[in-house]
Amino acid sequence: MTTSDSRADLMPNTASPLPLYHQMYMVLREQILEGAFDAQSPMPSENELARSFKVSRITVRRALEKLEREGMIRRRRGLGTFPIQRAARPAELRTSITGLLENLLAMGLSTEVQLIDFRYVGASEDVAAKLALPMGSTVQKAVRVRKIKGQPMSHLTTWIPEDIGRKYAPDDLAAEPLLVLLENVGIKVSSADQTITARLADATVAGLLDVPVGSPLLAVKRVVFDQDDRPVEYIQALYRPDVYEYRLTMSRKTSDESSIWQPTG
């Protein structure tokens, strides 16, 4: 890659809440992972990168320092900056949309959790609607951070109807996946309704997930139902996209009238 490769998509978004150096870091990191740079040749110099991204050299240095701390590059005095060959992504956890409940259980068993908050509160309008309760009803609210190999992966806020939540203690929630706890107290979970979108990390979530304020996060809202179609859990989950991803396998169904893609599994 040389300065002749400059493209409009390298220019930082000055309207974004993300610092310019972090935007640059994310672009370079993805390029390194995709093999855009020859491991045996130096990457563009600080001056070349500054011109390509239309930022200052101070911004370039901060982006490179972050890449170096993560082991993505090495800087050799007098020779330049080199990408680390076969640089690996951080430990990732992948799950598919199909088999949702089984995947959620497996994820809970393969990660560790830090309990941030646990209390009983009055249900807001949104929470009450999701749990099919009168507004103001007492519900259990818990905030957790889930980690994989010690690295923060997700920020989870859950609301549980009081009669169910009173059947287990905060220590239980810190030690066992919530689906296991629900089953242990006699709840037979049968289905879930889920939506996926994106949002930016606020100051509180950013600190807990170890990302800059304004970082993009995968946002999931899920309502879990028992065998009688009663809502027994409402969760708002925020995932770091660099360590967690959803996968959906699809197949093409063709008929005389149309051709569509459908999930498989």
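The first residue in the sequence is number 1, and the count goes up from there.
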Undergrad: Spell out, yes or no, whether M72 and L49 are grouped together once hydrophobic residues are joined by side-chain heavy atoms under 4.5 Å, including indirect joins.
TA: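 Cluster IDs for M72 and L49 match.
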Undergrad: What are the two closest non-hydrogen atoms of P212 and S215, and how far apart are they?
TA: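 Scanning both residues completely, I find the closest heavy atoms to be O-OG, 2.7 Å.
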Undergrad: Side-chain heavy atoms nearer than 4.5 Å, only ILVMFWY residues, links allowed to pass through others: does that put I160 and V185 together?
TA: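 Same hydrophobic cluster.
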Undergrad: Transitively linked via ILVMFWY side-chain contacts under 4.5 Å: V139 with L173?
TA: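 V139 and L173: separate clusters.
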Undergrad: Which atom names give the shortest non-hydrogen contact between R74 and P83, and what distance separates them?
TA: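 That closest heavy-atom pairing would be NH1-O, 3.7 Å.
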Undergrad: Find the distance between CG (L28) and CG (L64) and round it off to the nearest 0.5 Å.
TA: 6.5 Å
Undergrad: Nearest 0.5 Å, please: how far is CG in L67 from CD1 in I32?
TA: 5.0 Å
Undergrad: Can you see which heavy atom on H155 is nearest to which on V143, and at what distance?
TA: NE2-CG1, 3.5 Å
Undergrad: Just one of V223, T157, L156, L178 clears the side-chain contact (heavy atoms from CB on, under 4.5 Å) bar with I235, so which one?
TA: L156
Undergrad: Report whether Y168 and V224 are members of the same hydrophobic cluster (ILVMFWY, side-chain heavy atoms less than 4.5 Å apart, transitive linking).
TA: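 Yes; V224 is reachable from Y168 via cluster members.
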Undergrad: Are R61 and R57 close enough, and set up right, to give a side-chain contact (heavy atoms from CB on, under 4.5 Å), and what steps lead you there?
TA: CA-CA 6 Å; R61 288 196 192 102; R57 285 189 63 183; 3.5 Å; yes
Undergrad: Using a strict cut-off of less than 4.0 Å between a Lys/Arg side-chain nitrogen and an Asp/Glu carboxylate oxygen, indicate whether R240 and D242 qualify as a salt bridge.
TA: yes
Undergrad: State, to 0.1 Å, how close Y239 and S154 come at their nearest heavy-atom pair, and which atoms those are.
TA: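 It is CD2-CB, 3.4 Å.
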Undergrad: Out of the candidates V205, L200, D202, only one should pair with L217 under the side-chain contact (heavy atoms from CB on, under 4.5 Å) rule; please name it.
TA: V205
Undergrad: Between R29 and K66, does the side-chain contact (heavy atoms from CB on, under 4.5 Å) criterion hold? Intermediate values first, please.
TA: CA-CA 10 Å; R29 180 180 180 279; K66 185 171 177 62; over 6 Å; no
Undergrad: Table please: side-chain donor-acceptor pairs of residues 114-123 below 3.5 Å, with sequence neighbours left out.
TA:
| unit_1 | atom_1 | unit_2 | atom_2 | d |
| --- | --- | --- | --- | --- |
| D117 | OD1 | R119 | NE | 3.4 |
| D117 | OD2 | R119 | NE | 2.7 |
| D117 | OD2 | R119 | NH2 | 3.4 |
| Y120 | OH | Q140 | NE2 | 3.4 |
| Y120 | OH | G165 | O | 3.0 |
| Y120 | OH | R166 | N | 3.3 |

Undergrad: Can you tell me if D226 uses its side chain to pair, donor with acceptor, with the backbone of D228 under 3.5 Å?
TA: yes
Undergrad: Would you give the length of the straight line joining atom CZ of R75 to atom OG1 of T81, rounded to the nearest 0.5 angstrom?
TA: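 So the CZ of R75 and the OG1 of T81 are separated by 5.5 Å.
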Undergrad: Rounded to the nearest 0.5 Å, what separates atom CD in E162 from atom OG1 in T138?
TA: 4.5 Å
Undergrad: Which heavy atom of M135 sits nearest to which heavy atom of A128, and what is that distance?
TA: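 Shortest heavy-atom contact: CA-CB, 3.6 Å.
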Undergrad: With rounding to the nearest 0.5 angstrom, report the NZ to OG1 distance, K141 to T158.
TA: 9.5 Å
Undergrad: Please step through side-chain contact (heavy atoms from CB on, under 4.5 Å) for the pair F53 and V60, ending with a clear verdict.
TA: CA-CA 9 Å; F53 284 85; V60 174; 6.0 Å; no
Undergrad: Is it true that E70 and Y25 share a donor-acceptor pair across their side chains at a distance under 3.5 Å?
TA: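 E70 and Y25 do have a side-chain donor-acceptor pair below 3.5 Å.
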Undergrad: Looking at residues at least two apart in the chain, or sitting in another chain, which of them share a side-chain contact (heavy atoms from CB on, under 4.5 Å) with A219?
TA: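 With sequence neighbours excluded, A219 shows a side-chain contact (heavy atoms from CB on, under 4.5 Å) to T197, R199, L238, given in chain and number order.
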Undergrad: Applying a strict under-4.5 Å side-chain criterion to I, L, V, M, F, W and Y, I'd like to know whether V127 and L133 cluster together.
TA: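 V127 clusters together with L133.
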Undergrad: Is Q227 atom CD crowded by more than 12 heavy atoms from other residues, nucleotides or ligands, each under 6.0 Å away?
TA: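 Enclosed.
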Undergrad: I need the L181 CG to I164 CD1 distance, nearest 0.5 Å.
TA: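 Nearest 0.5 Å value for the CG-CD1 distance: 11.5 Å.
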Undergrad: Check P152 against K147 and note the closest heavy-atom contact, atom names and distance.
TA: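 Smallest interatomic distance, heavy atoms only, reads CA-CG, 3.9 Å.
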Undergrad: Do the non-hydrogen side-chain atoms of R230 and P161 ever get within less than 4.5 Å of each other?
TA: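 Heavy-atom side-chain distance check passes, below 4.5 Å.
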